[in-house]
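Worksheet for the structure shown next.
In what follows, chains are A, B, ... by sequence order, proteins preceding strands, each numbered from 1. Side chains are part of it too, since the values below use all heavy atoms of this structure and drop only hydrogens, waters and symmetry mates.
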2 protein chains.
Amino acid sequence: MDIMRNLPATNSTKSVSITLTDRLFDTLQKAIVEGEIPSGSKISEPELARQHSVSRGSLREAIGRLEARKLVERKPNLGARVVTLSYEQLIEIYQVREALEGMAARLAAQNMSETEIEELQALLEKHGHEIEEQHGQAYFQKQGDLDFHYRIVQGSKNQQLIGLLCNDLYHLLRMYRFQFGMRSKRSQQAYDEHHYLLNAIVSRDPEMAELLMRQHIRSSRRNVERMLLEN
Amino acid sequence: MDIMRNLPATNSTKSVSITLTDRLFDTLQKAIVEGEIPSGSKISEPELARQHSVSRGSLREAIGRLEARKLVERKPNLGARVVTLSYEQLIEIYQVREALEGMAARLAAQNMSETEIEELQALLEKHGHEIEEQHGQAYFQKQGDLDFHYRIVQGSKNQQLIGLLCNDLYHLLRMYRFQFGMRSKRSQQAYDEHHYLLNAIVSRDPEMAELLMRQHIRSSRRNVERMLLEN
DNA sequence: CCTGACAAAAGTGTCGACACTTTGAGGATT
DNA sequence: AATCCTCAAAGTGTCGACACTTTTGTCAGG
């Protein structure tokens, strides 16, 4: 119902987390995504617990959830480490996104309400202006792009799909964007692709929507591949 | 590497779980999937802890993981309940499967080794014999079908994809099969479809493999839809 | 100098107890 | 009889302590 309340940027699990473990989880997730806790580093439970003034028990529950989101890896009796990012894993994520968001676009073309579509059109138009003004200030790739995709996923109305993309994959992807410094000069092209896709949704053409979304993500992936191979 | 060690039927997280929480998690997951703990029922931590002779702390960690797999739902201060199954959710799961396994088939056509393909052929042939002998004894839909799909997912070599399908979705799906009593007389048709799909993989035709997998899952979904609408 | 045994230190796994929240039964008021 | 209040009972959230495992650092023997 209140899709608008779920801000894409501030995607904390609850708007205001009640339990200590919840807040701790949000804090740690942010710290990991933004690289404050370096990727690949070991996590010492006693130390982290002291730093955040919580008991080890609560910390452990938080770490458990981070593990479920694949932000940390745990081995019995050996402790937890923040995941190490790799080129290969990033490609894998794009492949999964292509499949899932393609389906999301298909369903969105069927299930989005007229008002949702209008809002999405307004959002896209706003992006267009920002690109003109700021001349592709990397804002687009980083936040605007996620915004747009987020809405389409929500528009699919498929809770399973929404959960997988917005909980499991979204944060991993953001982590890569943060730490691999992925800004692109592809703003204009991405914007155009979003436009084509939106047209397909307006026309209620599921087949075309899926096709265009998959092409869009593939082309975004190729962009990342090129960028990373330059290093 | 040791794909063969990961038996589809006995999909415990580790071959032998070391920690108490791990074993408890496996036990509870099995109990929930097979309906021993009824779907929709409330979970009392003290009671369950006593039943399994564990402390509440360990139990809570196990429940946390079950929540991550969407087998239980938790609300702060109100406790946890086993998920309630619904027709709508089942459809959603099939849509996600169509997307993910379609991609898996595509990747499997590219990445499966020759020996893996041969093993898969042997497996399928065995299924064929079983169908002839037992005259579609519901065995196929329930285990053989999962077996086949499991191998293809593994064959994609995409760890993200494997994780999502074999950890997050697989168990939910098994739960539906158990509790909705989903046996079908579609064994022969499913077997045929598996055959076509395998041919595409043998020919290393990713496009065709994805197409056939998606058709296969769609038709399986329609079968379920028909079956449930009879009630 | 290197290697391997052994003990101390640090870290993880598990537990029982306490504090706070919700539930529910019983009684007082209208 | 119905509604609201109160307070005990049950349940969840959080904590600190103990047991067991892994790591570290030291020393003896080669």
Side-chain angles (χ1 to χ4, degrees), chain A residues 12-32 36-84, chain B residues 12-32 36-84:
Chain A
S12 46
T13 310
K14 292 285 180 179
S15 54
V16 163
S17 304
I18 288 299
T19 79
L20 180 57
T21 302
D22 284 342
R23 286 195 300 274
L24 186 58
F25 169 70
D26 287 343
T27 303
L28 291 181
Q29 175 168 256
K30 186 160 183 271
I32 289 176
E36 192 179 328
I37 303 177
S39 108
S41 67
K42 185 169 184 321
I43 292 178
S44 163
E45 291 182 3
E47 188 183 332
L48 248 193
R50 251 198 326 277
Q51 280 181 8
H52 292 267
S53 313
V54 267
S55 89
R56 264 187 60 227
S58 302
L59 175 64
R60 269 171 136 272
E61 281 200 38
I63 293 181
R65 283 205 243 165
L66 290 170
E67 185 186 18
R69 290 204 175 171
K70 298 179 196 304
L71 292 177
V72 313
E73 285 171 355
R74 219 186 212 168
K75 288 179 183 173
N77 287 318
L78 294 186
R81 311 190 79 90
V82 180
V83 287
T84 61
Chain B
S12 45
T13 309
K14 292 285 181 180
S15 53
V16 163
S17 304
I18 289 300
T19 80
L20 181 55
T21 302
D22 283 343
R23 287 194 299 275
L24 186 57
F25 170 70
D26 287 343
T27 303
L28 291 181
Q29 176 168 256
K30 185 159 183 272
I32 289 177
E36 190 179 329
I37 303 178
S39 107
S41 68
K42 185 169 185 323
I43 293 179
S44 163
E45 292 181 2
E47 187 183 331
L48 248 194
R50 249 198 328 276
Q51 279 181 10
H52 293 267
S53 313
V54 235
S55 90
R56 263 186 61 227
S58 303
L59 174 64
R60 271 173 133 272
E61 282 201 37
I63 292 181
R65 283 205 243 164
L66 291 171
E67 185 186 18
R69 290 203 174 173
K70 299 180 196 306
L71 293 178
V72 313
E73 285 171 356
R74 218 186 213 168
K75 288 179 183 173
N77 286 317
L78 294 185
R81 310 190 79 90
V82 179
V83 288
T84 60

Can you pull out the residues from residues 38-48 of chain B that lie within a 4.0 Å heavy-atom distance of DNA chain D?
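DNA chain D contact set from residues 38-48 of chain B: B:K42, B:I43, B:S44, B:E45, B:P46.
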
Which residues pass the side-chain contact (heavy atoms from CB on, under 4.5 Å) test with [X], not counting sequence neighbours?
X: B:L24; value: B:L28, B:H52, B:V54, B:L59, B:A62
X: B:S44; value: B:P46, B:E47
X: B:V82; value: B:I32, B:I37, B:S39, B:S41, B:I43, B:M175

Would you say A:R74's side chain and A:R81's backbone share a donor-acceptor pair under 3.5 angstrom?
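Side chain of A:R74 to backbone of A:R81: no pair is present.
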
With sequence neighbours left out, what residues match [X] under side-chain hydrogen bond (donor to acceptor under 3.5 Å, both in side chains)?
X: B:E61; answer: A:R60
X: B:E73; answer: none
X: B:R56; answer: B:E45

Presence of salt bridge, A:R65 and A:D26, under 4.0 angstrom:
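Not counted as a salt bridge, because no side-chain N and carboxylate O are separated by less than 4.0 Å.
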
Give the dot-bracket line for DNA chain D from 5' end to 3' end: parentheses for intra-strand Watson-Crick or G-U pairs under 3.5 Å, square brackets for crossings, | for inter-strand pairing, dots for unpaired.
||||||||||||||||||||||||||||||

What closest approach, in Å, do [X] and [Y] show between heavy atoms, and which atom pair accounts for it?
X: A:A68; Y: B:A68; result: CB-CB, 3.4 Å
X: B:S58; Y: B:L20; result: OG-CD2, 4.4 Å
X: A:V83; Y: A:K70; result: CG1-O, 3.2 Å

Using nucleotides 14-19 of chain C, report all nitrogen or oxygen pairs with the protein that are shorter than 3.5 Å.
| from | atom 1 | to | atom 2 | distance (Å) |
| --- | --- | --- | --- | --- |
| C:dT14 | OP1 | B:L20 | N | 2.3 |
| C:dT14 | OP2 | B:T21 | OG1 | 3.1 |
| C:dC15 | OP2 | B:S55 | N | 3.0 |
| C:dC15 | OP2 | B:S55 | OG | 3.4 |
| C:dC15 | OP2 | B:S58 | OG | 3.1 |

Protein N or O to nucleotides 20-25 of chain C N or O, pairs below 3.5 Å:
none

Using 0.5 Å steps for rounding, measure from the CZ atom of A:R69 to the CG atom of A:L66.
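Between atom CZ of A:R69 and atom CG of A:L66 there are 8.5 Å.
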
Starting at atom CD1 of B:I63, determine the distance to atom P of D:dG11, rounded to an integer number of angstrom.
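Whole-Å distance recorded here is 13 Å.
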
